[in-house]
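Structure first, commentary second.
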Protein chains: 2
Amino acid sequence: MKLADVNTEERILEAAKKVFMKYGLYGARMQDIADTAGINKALLHYYFRNKEKLFDHVFDGALSKYFQQMEVFSDKSLPLIERINRYIDQMIDFLTEYPQMSIFIIKEISTNPELFHDKVHKIKNHKSTSLIAVLKESIELKEIPDIDPVIFLMNLHSLCAYPFVASPIFKVIIEKSKTTWSDPNNEKHKQSVKEFVAFKLSN
Amino acid sequence: MKLADVNTEERILEAAKKVFMKYGLYGARMQDIADTAGINKALLHYYFRNKEKLFDHVFDGALSKYFQQMEVFSDKSLPLIERINRYIDQMIDFLTEYPQMSIFIIKEISTNPELFHDKVHKIKNHKSTSLIAVLKESIELKEIPDIDPVIFLMNLHSLCAYPFVASPIFKVIIEKSKTTWSDPNNEKHKQSVKEFVAFKLSN
DNA sequence: TATTAGTTTAACCATTTGGTTAATGCAAAA
DNA sequence: TTTTGCATTAACCAAATGGTTAAACTAATA
């Protein structure tokens, strides 16, 4: 394969990301993707065969990157709270760079829940589950208070991700309340999540 | 207008809700909506003129209901923490009844951010802003600690809404961690959010 | 019973859609 | 230079799409 090929394929993928992220699988138009990539529409089929396969490619990549942010939970060289704080830093930085990523995943899961179930089992580096196991273990060892690991996990994810997901709603609320608010405020965001962690996990 | 008319219009709206919530404005098909409602497709145009107007009707309704959950923030007969706790109870109950509601709003905002900006200014019962004002006032009166009202608001909404938004992701994580988790767990959810509030707002 | 007004239907329309096909272009190898 | 294999293009296709139209239906009124 020549350099031009790599270029065309990548251009298609970048364009597809943009269009699928905005319109979803069913709302996106192949001609739009071709226009965005600056290529002839037939090339989409030449390189990716059909709309669904192109979407799969994009969605699988997004899922993979998303779950990668949770791998730090398995890093046994770090104490528990440090792993969680690393996750907070990492996830918030990741979502700052790709603000639409969470929304995209959530959107498509909402439309095709069964499909998601299949896909997520194909992700090999699936370390997202380990936080619950690690929390359970630490609870048994009395290193942390007896909390509900599932609730903690949900709260942690919620605090990290939802401000990005609901960003336009918050902007309007803030605007209407005549509050000045500089955007982005990652350090404040990270700090507030870490405070929550400290509150829940300190003896 | 006869009863049959009210019936047809309502049937269309219920069907449109289902289809728009799943596929969004651009992914939804008018024939699908008609099939779901059990009517002839031309009736969609007879009653709602075109796809966009039908969508507007559904989306405006959703937005309105969503923001209604925040009206309790303005209830001056209640102390601050009670208002917030009422909001927590209310919002979580609301999202339990309409689990797709947040996702729907977030999805459509993500696709059409400008449109949302216009629409949200038309909502009359717009009391969502008042929590920030109330928090500021209470901070000045030294009734609560000096917190960042915007961060607090974002965290509050995050903790309430995101578990519903990301429900399929959590289900997979929980399943993979071999944890038993009974669904729905509203009381635990509410309690954990209220604990957060108490943590942030107690002197 | 005939008329009227509103509701519903089936057929139709122009455009769009995802995908196919054959010809052409391009670069590398023989 | 010719051949080969891959990449790209423009035209095409059948079906789907949102929307329109006129006829038929229905119930209420005169």
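Fair warning: this is a prediction, and the values are worked out from it, not measured in the lab. Protein chains get the first letters and strands the later ones, always in sequence-line order, with residue 1 at the start of each.
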task: Within residues 33-43 of chain B, find the residues that approach DNA chain D with a heavy atom at under 4.0 Å, and present them sorted by residue number.
output: B/Lys41, B/Ala42
Below the 4.0 Å mark, does [N] have OP1 or OP2 next to a side-chain nitrogen or oxygen of [X]?
| X | N | answer |
| --- | --- | --- |
| A/Arg29 | C/dG18 | yes |
| A/Tyr47 | D/dC6 | no |
| B/Thr8 | C/dT7 | no |

Separation of atom [atom1] in [X] from atom [atom2] in [N], rounded to whole Å:
| X | N | atom1 | atom2 | value |
| --- | --- | --- | --- | --- |
| A/Tyr46 | D/dA11 | OH | C1' | 19 Å |
| A/Gln31 | C/dT17 | CD | C1' | 10 Å |
| A/Met30 | C/dT20 | CE | P | 10 Å |
| A/Ile12 | D/dT8 | CD1 | P | 8 Å |
| A/Glu9 | D/dC6 | CD | P | 15 Å |
| B/His45 | C/dA11 | NE2 | C1' | 15 Å |
| A/Tyr26 | C/dT16 | OH | C1' | 19 Å |

message: Is any side-chain heavy atom of B/Leu13 closer than 4.5 Å to one of B/Leu54?
response: yes
- prompt: How are the rings of A/His157 and B/Phe170 set to each other: parallel, tilted or perpendicular (split at 30° and 60°)?
  reply: tilted
- request: For A/Phe116, check ring-ring contact (aromatic ring centres under 6.0 Å, His included) against everything at least two apart and list the hits.
  value: none
query: Considering residues at least two apart in sequence or located in another chain, which fulfil the salt bridge (charged side-chain N to carboxylate O under 4.0 Å, His left out) criterion with B/Asp32?
result: none
